[in-house]
Enquirer: 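Have a look at the structure that comes next, please.
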Amino acid sequence: MNRREDLQNSRQQQRNESPRPAVSSDQPIVTTSSADTSAAELSSLLSSCASPSPLKQVHAQLLTHGLHHNPRLLSLAALAYLSFGRLRPARLIFGAIPAPSAYLWNLVIRAHSTRGQFHHALRLYSSMLGSGVLPDKFAFPFALKACAGLSDLRWGRLVHQHSICVGCGRDLFIDSALVDMYAKCGHVADARVVFDNMWQRDLVSWTAMIAGYAHNGYCAEALDFFWLMRQSGVQANRVGLLSVLLACSRLGAVKRGEWFHNFAIQTGYESDLQVSTAVIDMYAKCGSLDLARKVFDLTEGKDVICWSAMIASYGVHGFGRDAIYIFKKMVEEGVEPNEVTFTSIISACSHAGLLEEGQGYFNLMKIVYGIEPGLNHYACMVDLLGRAGKLTEAEALIQTMPVKPDVSLWGSLLGACRIYGNIDVGERIADLIFELSPSHSGYYVLLSNIYAAKSRWNDVERVRELMSKKKVNKVQGISLIEFDNRIHKFGVGDRSHPQTDSIYAYLGKLSVRMKQMGYVPLTDFVLHDIEDEMKEAALFYHSERLAIAFGLINMSPCSPIRITKNLRICGDCHNATKLISKIENRIIIIRDMNRFHHFGDGFCSCADYW
DNA sequence: TTAGGGTTAG
């Protein structure tokens, strides 16, 4: 039953009447004279409107017959507008009802909350309290949904307290909504406290917790909870699957992702378009682009999100031409691209160095599809121009674009200055960036790299001092590799892994062979990314190299080594991995924070353009 | 009348 039918039935139940035949827009309302139009007739007409058009006519009759003070008719009119998603007229009519029932308050709040009108939903909730109506167990989930939608923790906590005050402290629906609210506000620990204290849990409460973990980056916990849920006898549905697929994609855990894909096939959820899209995204983000494409080709009734996922996948792997092919095919099949599709296709062009094509899509978006470029699109364009060496054009675009640029846009340009060794522009932009975002370590590192590449060590030292003065904390570099159903994590110079001795011994041997092949450490990158990675001796023990050695030791020779890194791969590791792929005759796929690098036979798919 | 969800730059 959909929302509209739901609400119409509610109205009928409330009146305790049998359903009447609906009045459609094709059936003109029988106009009656003001004398013989009774409240009962209008009530009947309001309940049977099947579309907004006859509803407006009945509403007009209600006003012209002077019945606009009749609370029962007003309630019915408000409900009728709500059922068609016409929130504004519903709100206006609702405001004229002298003392709405708690039931009516709940429905009005629910309608706003479920349609994403979170501010209005909370304002209504607040007005309900102000009018002296106590919220009941049906009101809280709607109000909490609004708090979750706004990530408004202050209001969320307040509603939580209200629920306890009115004696709704142990309600399955409210508790699940609380888990969701705390998770969406980024307070996963609080969500977990609510979850742990629940006296009973069902599929939705488990799923809310799993989704909360996955969306907040606690991916291992999300997967653990999936198993705990199964152990507790609750079978996952499509929503839970979406969350664990997201977790796998973030971890780069392809084996686990495959398991969930099989689970989807066995349970029939594979035919669900959202699940298929999540599977495609998972395979692509785990480095298995071929599998992503296979699932994509088998997916029927693809919508714009599914097409966009495939375009984004090709883009992040550096296969811009394939992304363009998919885009064209999508349009041929009559699916209209949206603003996300354009973000993805322009980004795909950027990663592949397709300057003209990217500019073409930017224009196509505006001229043909009438989509106003947003911050994301401008960011992609700055990246596209910057990577192509068009620094002046990129800067001019930032300065002339109608959207206010954020720091990441300038950061993108700073990245281009690093690639092209442009100190003048780089310094100027860096000053601006440090003012806007004084604690983001990545931008200091970028500037430091620009100086280091020109051997301006005094300036490098100055940047280090600046970081120290501003107490900028660096993000620790972490690499993940999945093996034997586990995610193995490595930090820089990490010695905590049980196989540490063999990993370091392997790297030692590898180093000799690499040097024989002419490997010279890129000392410019000694200063890249991580404080601990600044020492030359540590170059060889960057997290991704430890993960590669672990993969080489443990994984069968024919299987590719897939690594996920939380920072951008440094130039030295990039060179080293190319060599390692040749020496070991292995495919090594590294996903860094920006894109994929497929290493094989001494080359990288990014063609050193990243 | 109540709760959980797929694509997006750097």
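Numbered from 1 within each chain, the chains take letters A, B, ... in sequence-line order. Note that these values count all heavy atoms, side chains included, but never hydrogens, waters or copies made by symmetry.
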Enquirer: Taking only the side-chain nitrogens and oxygens of A:R387, find out if one of them lies under 4.0 Å from OP1 or OP2 of B:dG10.
Expert: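 Answer yes for this pair, as a side-chain N or O of A:R387 is under 4.0 Å from OP1 or OP2.
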
Enquirer: Among the candidates B:dA3, B:dG10, B:dG4, find the nucleotide nearest to the side-chain atoms of A:F142.
Expert: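 That would be B:dA3.
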
Enquirer: Measure from the side-chain heavy atoms of A:V204 and tell me the nearest of B:dT7, B:dG4, B:dG10.
Expert: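 Nearest to the side-chain atoms of A:V204, counting from C-beta on, is B:dG4.
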
Enquirer: Looking only at the side chain of A:F173 (C-beta and beyond, no hydrogens), which of the listed nucleotides B:dT7, B:dA3, B:dG10 gets closest?
Expert: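 Output: B:dA3.
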
Enquirer: Could you tell me how far apart A:L242 (CG) and B:dG5 (C1') are, to the nearest whole angstrom?
Expert: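 After rounding, the gap between these two atoms is 5 Å.
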
Enquirer: Can you tell which of B:dA3, B:dG6, B:dA9 lies closest to the side chain of A:S176?
Expert: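 Minimum distance to the A:S176 side chain belongs to B:dA3.
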
Enquirer: Side chain of A:D180, heavy atoms from C-beta onward: which of B:dG4, B:dA9, B:dT1 has the nearest atom to it?
Expert: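 From the listed options, B:dG4 comes nearest.
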
Enquirer: Round to the nearest Å and state the distance from A:M282 atom CE to B:dG6 atom P.
Expert: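 Between P of B:dG6 and CE of A:M282: 15 Å.
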
Enquirer: At 4.0 Å (heavy atoms only), tell me whether A:K184 reaches a base, stays on the sugar-phosphate, or touches nothing.
Expert: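 Sugar-phosphate contact only.
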
Enquirer: Would you kindly give the CD1-to-C1' distance between A:I419 and B:dG10, to the nearest whole Å?
Expert: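 So the two atoms are 11 Å apart, to the nearest Å.
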
Enquirer: State whether A:D190 and A:R157 are salt-bridged, where the test is any N-O pair (Lys NZ or Arg NE/NH1/NH2 against Asp/Glu carboxylate O) under 4.0 Å.
Expert: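 Yes.
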
Enquirer: Side-chain contact, heavy-atom cut-off 4.5 Å: A:E336 with A:V331?
Expert: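 Not in contact.
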
Enquirer: Looking at B:dG10, does its base get a donor-acceptor pair with the side chain of A:S412 below 3.5 Å?
Expert: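 No, the side chain and the base share no sub-3.5 Å donor-acceptor pair.
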
Enquirer: Listed by chain and number, what are the side chain to side chain donor-acceptor pair (under 3.5 Å) partners of A:S288, not counting sequence neighbours?
Expert: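 A:R562.
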
Enquirer: Which of these, A:Y369, A:Y314, A:F342, sits in a ring-ring contact (aromatic ring centres under 6.0 Å, His included) with A:F327?
Expert: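 It is A:F342, the one option of A:Y369, A:Y314, A:F342 that forms the ring-ring contact (aromatic ring centres under 6.0 Å, His included) with A:F327.
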
Enquirer: Starting at atom CZ of A:R170, determine the distance to atom P of B:dA3, rounded to an integer number of angstrom.
Expert: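 Roughly 21 Å, once rounded to whole Å.
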
Enquirer: Decide yes or no, distance alone: a donor-acceptor N/O pair under 3.5 angstrom between the base of B:dG6 and the side-chain of A:D272.
Expert: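 Absent.
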
Enquirer: Assign A:N106 to base, sugar-phosphate, or nothing according to its heavy-atom contacts below 4.0 angstrom with the strands shown.
Expert: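 Base: the residue A:N106, judged by heavy atoms under 4.0 Å, touches a nucleobase.
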
Enquirer: Quick check: any donor-acceptor pair below 3.5 Å linking the side-chain of A:S347 to the base of B:dA9?
Expert: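 Check fails, no donor-acceptor contact within cut-off.
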
Enquirer: What contact category does A:D175 fall into here, base, sugar-phosphate, or nothing, at under 4.0 angstrom with non-hydrogen atoms?
Expert: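 The residue A:D175 makes no contact with any strand.
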
Enquirer: Is it the case that atom NZ in A:K366 sees more than 12 heavy atoms from other parts of the structure closer than 6.0 Å?
Expert: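 Yes, NZ of A:K366 has more than 12 neighbouring heavy atoms, counting only those of other groups under 6.0 Å.
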
Enquirer: B:dG4, OP1 or OP2 - any side-chain N/O from A:H215 closer than 4.0 Å?
Expert: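 So the side-chain polar atoms of A:H215 never come under 4.0 Å of the phosphate oxygens OP1 or OP2 of B:dG4.
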
Enquirer: When all nucleic acid strands are considered with a 4.0 Å heavy-atom cut-off, which category describes A:L203: base, sugar-phosphate, or nothing?
Expert: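 Touches a base.
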
Enquirer: Tell me what A:L273 touches on the nucleic acid: a base, only sugar-phosphate, or nothing, going by heavy atoms under 4.0 Å.
Expert: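 A:L273: base contact, heavy atoms under 4.0 Å.
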
Enquirer: For the side chain of A:I305, starting at C-beta, report the closest nucleotide among B:dT7, B:dA3, B:dG5.
Expert: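 Given the options B:dT7, B:dA3, B:dG5, the side chain of A:I305 is closest to B:dT7.
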
Enquirer: Using atom OH of A:Y378 as one end and atom C1' of B:dT8 as the other, report the distance to the nearest whole Å.
Expert: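 Atom OH in A:Y378 sits about 17 Å away from atom C1' in B:dT8.
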
Enquirer: What nucleotide, of B:dG4, B:dT7, B:dA3, holds the atom closest to the side chain of A:N237?
Expert: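 When the side chain of A:N237 is considered, B:dG4 is the closest of B:dG4, B:dT7, B:dA3.
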
Enquirer: To the nearest Å, give me how far apart CD1 (A:I346) and C1' (B:dA9) are.
Expert: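 Spelled out: CD1 on A:I346 to C1' on B:dA9 is 10 Å.
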
Enquirer: Of the listed nucleotides (B:dG10, B:dA3, B:dT7), which one gets closest to any side-chain atom of A:N594?
Expert: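 Minimum distance to the A:N594 side chain belongs to B:dG10.
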
Enquirer: From the list B:dG4, B:dA3, B:dT1, which nucleotide is the closest neighbour of the side chain of A:P141?
Expert: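 Taking heavy atoms from C-beta onward, the closest nucleotide is B:dA3.
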
Enquirer: How is A:N376 classified with respect to the nucleic acid when contacts are heavy atoms under 4.0 Å: base, sugar-phosphate, or nothing?
Expert: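 Base, at least one base atom sits under 4.0 Å.
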
Enquirer: Taking 4.0 angstrom as the limit, do A:D272 and A:R238 come out as a salt bridge?
Expert: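 The answer is yes: the pair qualifies as a salt bridge.
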
Enquirer: Validate the cation-pi geometry between A:K137 and A:F173: distance from NZ or CZ to the six-membered ring centre under 6.0 Å, angle to the ring axis within 45°.
Expert: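 A:K137 over A:F173 ring: no.
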
Enquirer: Is there a side-chain polar atom (N or O) of A:K145 under 4.0 Å from OP1 or OP2 of B:dG4?
Expert: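 Affirmative; the distance criterion is met.
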
Enquirer: Let me know the distance between CD1 of A:I311 and C1' of B:dG6, rounded to the nearest Å.
Expert: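 From A:I311 CD1 to B:dG6 C1': 15 Å.
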
Enquirer: Would you mind reading off the distance between A:L567 atom CG and B:dG10 atom C1', rounded to a whole angstrom?
Expert: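 It is 13 Å, rounded to the nearest whole Å.
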
